[in-house]
Amino acid sequence: MNIHFAHPMYLWALLGLIIPLWMHFYHRKAAKVLYYSDLSWLEKIHQEGKGLKQIQKIWLLLARLISLFFLILGFANPLGPISFNRSSKSNLILYIDNSPTQVLAARKSFLAKSSSLPTSPNGQAHVFFNDFESQDFEPKPWPKIKEQWNQRGPGLEPVKALNLVKHAQQIAEENQQEPMLYWFSDFPKNKALPIFPNQGSYILQPFAALHSDNVFVDSVYLSNKFIRPNTSYDLIVRMKNGGTKTANKRQVSLYLNDFMMATQSVNLEPSASTELKFSFSLAKSGVYKAKLMSDDPVAFDNSFYFLLQSSAPRKIYVVGNAQNLEKVFEKEEFFEFKSIQASEILPGHLPEDAFVCLVGIENRTATDWKALNTWVSQGHSLAIIPNQVPNDAILQDLNRFLSGTGKQIAQTSTSELPVQQVSSSQSFFQAILAKKSLDKASKLWTSKPLWEWNPGKGTLISWMNAKPFLEKISVGQGSVFLFSSQVLSPQDGFNRHGLFLPVWHEMVLSSGLSPVLHQRINSKGIEIKASADFVFQSAEKSLLYWQKQGKSYIPEQNWLGKSWICRIPQAMMQDLRSGANGFIDAQVGGKTMATFALNYPKEFSELATYSKKELEEYYAGQKQVSISQDLPDGLGEDNPQTSWAMHCFALALFFFFVEMALVLWNSRSSRTGSVNR
């Protein structure tokens with residue numbers, strides 16, 4: 001028999017039973033002798049048996065003690081089994097979706113839901129949060145589950161329904177039972193609802209929905225990839241309303257190094273989006289810590305963190321006869337020009353941050369082309385200029401290099417052709433034509449094509465026969481700028497044209513790797529590159545620390561040769577005050593390797609959730625699935641417990657009446673046995 005007390009502190013009051021015991025024995029002290037001068041008045045002395053009176057007083061004492069005993073037990077609220085013959089053991093699984101939306105934005109409803117848990121320490125269940133894989137699989141008593149729930153910070157990715165259902169089935173099979181799974185979540189509409197098998201019981205416990213507007217930053221990007229100091233650029237901010245109400249006059253402010261630069265107002269319907277433009281200028285080199293602040297009511301995504309930095313000079317490596325190409329870049333401080341041999345760059349020494357130009361494609365091996373394809377696919381840029389009319393073998397290698405792009409290069413016997421007028425509607429030429437007279441820039445030139453191919457959407461300049469003169473071809477994450485004539489020859493018309501220099505500048509500047517402004521928190525890990533002079537020694541000596549707001553964290557990390565792959569430390573996720581988002585310095589031995597900006601995943605800002613009615617409609621006909629708001633008493637107990645407090649109060653009242661009856665009877669007996677005078 002297993003009995004517990006809901007309020008065991010009241011049991012200390014049982015010590016108070018000593019008081020009536022002490023009073024009883026105190027009044028039974030020895031009798032005193034009284035002397036009378038005349039006994040004539042005492043005609044008759046009523047003599048009463050001692051035994052009956054003693055029995056009455058003992059029963060009166062017992063009734064009083066028992067009444068007080070059950071009264072104290074009633075306040076302590078004893079919990080006992082409903083049936084002493086019941087011995088079945090239930091194995092429950094609780095999944096609690098502790099996404100940032102619930103833990104940070106709707107924490108009140110998140111904590112209120114935990115109050116519906118059973119209170120008996122006799123019951124237990126398996127409990128899992130969003131970091132499912134890192135948790136132990138042992139059942140825990142209800143008080144421990146409630147404590148973990150109330151102290152839990154935000155988790156990243158929701159548990160995959162399939163994995164959780166499989167684990168519930170495994171636990172049930174080990175105990176020869178059908179699975180019973182309680183699923184606590186807000187059931188967001190941007191996630192698919194879980195699918196459950198026919199066997200078992202699955203109870204959905206929806207959190208209270210958060211009805212509010214929520215304007216959050218969907219994405220940010222720059223108007224130019226290349227940022228020069230003391231030059232004005234635009235920061236384009238895409239805002240979205242992920243809430244369920246209309247956002248009216250929400251203020252969004254841009255800060256650079258904690259100095260407010262500009263503020264704009266936003267009005268958005270639910271699920272609508274808009275773009276804001278903030279002008280900025282960076283006065284010097286170095287990293288600027290920027291953030292976008294809003295007065296949105298959903299607090300956890302009110303701040304969006306990102307970094308701004310002036311671009312480093314662009315490197316241009318030319319393989320082959322550069323001729324007069326060096327003059328295009330020599331007067332610009334933002335370019336570093338270098339003419340190199342093919343052996344210096346292909347295939348084993350491809351640069352990390354450079355624009356490579358191949359003048360002529362002869363004497364390239366299949367290994368060279370394969371290495372170039374891999375390098376370009378990683379996000380780099382390559383320009384290819386024919387030096388002479390290619391033969392079939394060269395074209396075969398080039399077409400193999402461009403396989404997957406839909407381009408097929410072929411020889412052409414066309415003589416000199418004029419080009420078409422460039423269009424100012426192309427984003428590539430907008431910055432160029434804004435600085436030059438359209439009449440001068442649009443003046444035509446003639447050149448001789450050495451090969452041709454089918455035009456595509458990336459065609460920048462065309463011949464009069466509609467074949468491409470210059471096209472930007474996407475290869476993986478990178479680009480190939482392909483010319484169809486020997487544009488570096490002094491006899492070529494393009495070489496003497498006013499667009500020659502600005503087109504080359506724009507090709508190099510626009511093809512740089514997009515700056516990493518920010519990163520989103522995710523469970524896959526964050527890559528942090530080491531500095532160029534860093535030498536990895538050992539896991540202990542090269543341990544990476546994260547510094548954030550004066551606190552130091554050690555993330556789970558792996559060294560991959562040039563960078564660390566880190567996972568968000570659980571301590572940061574559990575810190576509800578500072579959170580995991582913000583600016584972080586990654587350091588080794590006190591030296592900063594990188595500064596990066598972290599933000600919560602944007603899907604957590606989508607507040608639209610399925611209502612209880614929508615869930616019932618979705619799972620209609622699935623008898624194994626039910627939707628409930630509360631948990632039944634005795635859940636997960638070996639012998640479900642019930643409160644015996646009312647029984648104790650009833651017994652206390654009964655023995656109180658017994659005590660009163662004995663007192664009245666004792667008083668009446670005393671009157672009938674009066675002394676005759």
Side-chain angles (χ1 to χ4, degrees), residues 316-323 325 340-351 354-417 419-420 426 428 447-489 492 494 503-504 507-508 510-511:
I316 301 99
Y317 292 168
V318 178
V319 181
N321 186 9
Q323 297 187 16
L325 188 58
I340 61 176
Q341 300 296 321
S343 59
E344 297 182 59
I345 193 170
L346 299 175
H349 302 88
L350 291 168
F355 181 94
V356 175
C357 177
L358 293 181
V359 182
I361 59 174
E362 299 80 12
N363 303 320
R364 304 284 181 263
T365 66
T367 304
D368 294 341
W369 287 111
K370 184 178 180 180
L372 274 174
N373 183 277
T374 302
W375 178 76
V376 174
S377 299
Q378 292 173 350
H380 300 91
S381 297
L382 174 71
I384 299 178
I385 302 173
N387 195 33
Q388 60 188 24
V389 177
N391 57 38
D392 292 340
I394 293 175
L395 289 177
Q396 186 176 2
D397 288 338
L398 185 60
N399 286 325
R400 189 179 297 114
F401 167 74
L402 295 173
S403 62
T405 65
K407 302 299 175 184
Q408 189 69 27
I409 313 298
Q411 294 182 4
T412 178
S413 58
T414 307
S415 58
E416 283 196 355
L417 281 175
V419 298
Q420 296 182 12
Q426 295 187 56
F428 182 87
S447 299
K448 178 178 174 54
L450 301 181
W451 58 32
E452 64 180 17
W453 65 91
N454 50 312
K457 294 181 180 180
T459 301
L460 301 176
I461 304 175
S462 298
W463 301 100
M464 280 298 186
N465 64 358
K467 294 292 183 178
F469 172 85
L470 170 62
E471 184 172 353
K472 183 179 181 180
I473 303 171
S474 296
V475 177
Q477 298 180 5
S479 303
V480 173
F481 290 90
L482 187 61
F483 287 91
S484 60
S485 69
Q486 170 52 298
V487 295
L488 299 184
S489 172
D492 189 271
F494 182 54
V503 164
W504 273 101
M507 284 167 51
V508 174
S510 65
S511 61

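This structure is a prediction, so every number in the text was calculated from the model and none was measured. Because only heavy atoms are used, hydrogens play no part in the values below, and waters and symmetry mates are left out as well, while side chains stay in.
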Test item: N399 and Q408 side chains (from C-beta on) under 4.5 Å apart, heavy atoms: yes

Q420 and I461, any side-chain heavy atoms less than 4.5 Å apart: no

Worked check of side-chain contact (heavy atoms from CB on, under 4.5 Å) between F481 and L382: CA-CA 6 Å; F481 290 90; L382 174 71; over 6 Å; no

Aromatic plane relationship, F355 with W504 - under 30° parallel, 30 to 60° tilted, over 60° perpendicular: perpendicular

Distance in Å, I316 CD1 paired with L325 CG, rounded so as to fall on 0.5 Å steps: 8.0 Å

Distance-only side-chain donor-acceptor flag, E452 / W463, under 3.5 Å: no

Spatial distance of atom OG1 (T414) from atom CG (L450) [nearest 0.5 Å]: 10.5 Å

D492 versus S485, closest heavy-atom pair with distance: OD2-OG, 3.4 Å

Verdict with supporting geometry, V376 and V480, side-chain contact (heavy atoms from CB on, under 4.5 Å): CA-CA 8 Å; V376 174; V480 173; 4.1 Å; yes

Non-hydrogen atoms of L482 and W453 that approach each other most closely: O-CH2, 3.5 Å

Within-4.5 Å side-chain heavy-atom neighbours: I361 and L398: yes

Any side-chain donor near an acceptor of the partner, N387 and Q486, under 3.5 Å: yes

Closest contact, heavy atoms only, I394 versus P390: CG2-CB, 4.0 Å

Inter-residue atom distance C357.SG - I384.CD1, 0.5 Å rounding: 9.0 Å

Distance-minimising heavy-atom pair for P455 and E471: CA-OE1, 4.0 Å

Plane angle bin for F469 and F494 - parallel if under 30°, tilted between 30 and 60°, otherwise perpendicular: perpendicular

Backbone N/O of G478 and side chain of H380: donor-acceptor pair under 3.5 Å: no

Within 6.0 angstrom of N391 CG, more than 12 heavy atoms from elsewhere: yes

N373 side, atom CG; D368 side, atom CG - distance, nearest 0.5 Å: 12.5 Å

Nearest-0.5 Å distance that lies between atom CD in Q396 and atom CD1 in I409: 13.5 Å

Exam field: side chain K407 to backbone N454, donor-acceptor pair closer than 3.5 Å: yes

side-chain contact (heavy atoms from CB on, under 4.5 Å) between T459 and K467, intermediate numbers included: CA-CA 9 Å; T459 301; K467 294 292 183 178; over 6 Å; no

Closest approach of V503 to F428 (non-hydrogen atoms, all atoms of both residues): O-CZ, 3.8 Å

Donor-acceptor pair, side chain of S377 and main chain of Q477, under 3.5 angstrom: no

Between CD1 on residue I385 and CG on residue L358, distance to nearest 0.5 Å: 9.0 Å

Where S415 and P449 come nearest, the two heavy atoms and their spacing: O-CD, 3.5 Å

